[in-house]
*Asks:* 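Structure incoming, see below.
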2 protein chains.
Amino acid sequence: MSRTASASNVFTAIAEPRRRQIIDLLSRGRGLAVGTIVVTLGLPQPAVSKHLGVLREVGLVSVSKQGQHRVYELNVDQLRPVYDWVKSFEQHWERQLDRIKVRAERRAQNLASTAERSTRKKGTS
Amino acid sequence: MSRTASASNVFTAIAEPRRRQIIDLLSRGRGLAVGTIVVTLGLPQPAVSKHLGVLREVGLVSVSKQGQHRVYELNVDQLRPVYDWVKSFEQHWERQLDRIKVRAERRAQNLASTAERSTRKKGTS
DNA sequence: GGATTATATTCCCAATACGGAATATGTCAA
DNA sequence: TTGACATATTCCGTATTGGGAATATAATCC
């Protein structure tokens, strides 16, 4: 299994767009057979099986046999490391938003006082 | 530049552990020279430059020349797609937490009633 | 058993990825 | 200019990736 060798971590697993698609698909509709995924995403079956293999390997999905199909289910908790990592930057956006807000307010102030001044001028002229 | 070719998206860029290290490092200490990164992470300089190249290519960092060094700065907003994607699974954790909570409460109830029963038994015995 | 369906695996291939060593480029200082 | 730094780029080698086609495995139905 060549493609799975170094895909030993979740970050690598989710780097693939198709795999994120599969994850998205699995995140709604609890438990999907491979065939469903194949049809829904319009990918060749071997490709889907391989991607599912990678996801399985890092624990992002788990399988259960159900008759002649395998039903795949998302183990959403395995995404936690990604969530935690990226969440640690949340504050930066907030800070940035704050800066933008402050700047906007300052601009508004300036506009207001400019308007006031020009109004006064108009009024006095 | 071989490694940068298909690393055209942020998800691929952050798949590399070293690159995440670099991002982490840059996230504190606004603006770092390459040499600082090299020393701090203990990686060979060419490796650092290459990784920075990838990060630059996807817009995750930006450079400014400052004398004879280049100062790299994190563009944290470029991590937004990752954040947004993974955040969409937040509710699943909450749901899971809810389930756990409910189960815990049920357990607590059972324990309570068991305790009550045994107390009553004790009391009546 | 034999055919059919569902899925996994294998093989082959072109395209990268990443590391290391060497080298190029750019900047400052004397 | 020469030399010392700081950083980027190139070259090379090996490993890995993902796709496609073919095939293997497994379960189901007749």
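This structure is a prediction, so every number in the text was calculated from the model and none was measured. Letters A, B, ... mirror the listed sequences (proteins, then strands); counts begin at 1.
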*Asks:* Check the distance between dT16(D)'s P and Arg19(A)'s CZ and give it to me in whole angstrom.
*Replies:*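 Between P of dT16(D) and CZ of Arg19(A): 15 Å.
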*Asks:* List the atom pairs, donor and acceptor, that lie under 3.5 Å between side-chain atoms in residues 33-49 of chain B and the rest of the protein, sequence neighbours left out.
*Replies:*
from: Thr40(B); atom 1: OG1; to: Thr36(B); atom 2: O; distance (Å): 2.6
from: Gln45(B); atom 1: NE2; to: Ser49(B); atom 2: OG; distance (Å): 3.1

*Asks:* For Glu73(B), enumerate each residue passing the salt bridge (Lys or Arg N to Asp or Glu O under 4.0 Å) test, keeping only those at least two apart in sequence or located in another chain.
*Replies:*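 For Glu73(B), no residue satisfies salt bridge (Lys or Arg N to Asp or Glu O under 4.0 Å) once neighbours in sequence are set aside.
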*Asks:* For the residue pair Trp85(A) and Phe89(A), categorise the inter-ring angle as parallel (less than 30°), tilted (30 to 60°) or perpendicular (more than 60°).
*Replies:*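 Rings of Trp85(A) and Phe89(A): perpendicular, as their planes differ by over 60°.
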*Asks:* What is the distance, to the nearest angstrom, from the CD atom on Gln66(B) to the P atom on dT7(D)?
*Replies:* 11 Å
*Asks:* Which letters describe nucleotides 3-8 of chain C, given B = protein heavy atom under 4.0 Å from base, S = only from sugar-phosphate, - = neither?
*Replies:* --BSBB
*Asks:* Taking all heavy atoms of Val58(A) and all of Val10(A), pick out the closest pair and write down the distance.
*Replies:* O-CG2, 4.3 Å
*Asks:* Rounding to a whole Å, what distance do you find between His51(A):NE2 and dT16(D):P?
*Replies:*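 Atom-to-atom, His51(A) to dT16(D), this comes out as 18 Å.
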*Asks:* Can you measure Lys50(B) atom NZ to dT9(D) atom P for me and round it to whole angstrom units?
*Replies:*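 My rounded result for the distance is 11 Å.
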*Asks:* Roughly, in whole Å, what's the span from CZ in Arg20(A) to C1' in dG18(D)?
*Replies:*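 To the nearest whole Å, that distance equals 15 Å.
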*Asks:* Round to a whole Å and report the spacing from CG of Leu55(A) to P of dG18(D).
*Replies:*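 Taking CG of Leu55(A) and P of dG18(D), I get 11 Å after rounding.
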*Asks:* Using atom CG of Leu43(B) as one end and atom P of dA21(C) as the other, report the distance to the nearest whole Å.
*Replies:* 14 Å
*Asks:* Could you tell me how far apart Phe11(B) (CZ) and dT17(D) (P) are, to the nearest whole angstrom?
*Replies:*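 In whole Å, dT17(D) P and Phe11(B) CZ are 19 Å from each other.
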*Asks:* Is a side-chain donor or acceptor of Arg20(B) paired with a backbone partner of Ile14(B) at a separation under 3.5 angstrom?
*Replies:* yes
*Asks:* Could you please spell out the steps behind the side-chain hydrogen bond (donor to acceptor under 3.5 Å, both in side chains) verdict for Asp24(A) and Ser27(A)?
*Replies:* CA-CA 5 Å; Asp24(A) 287 336; Ser27(A) 77; 5.1 Å; no
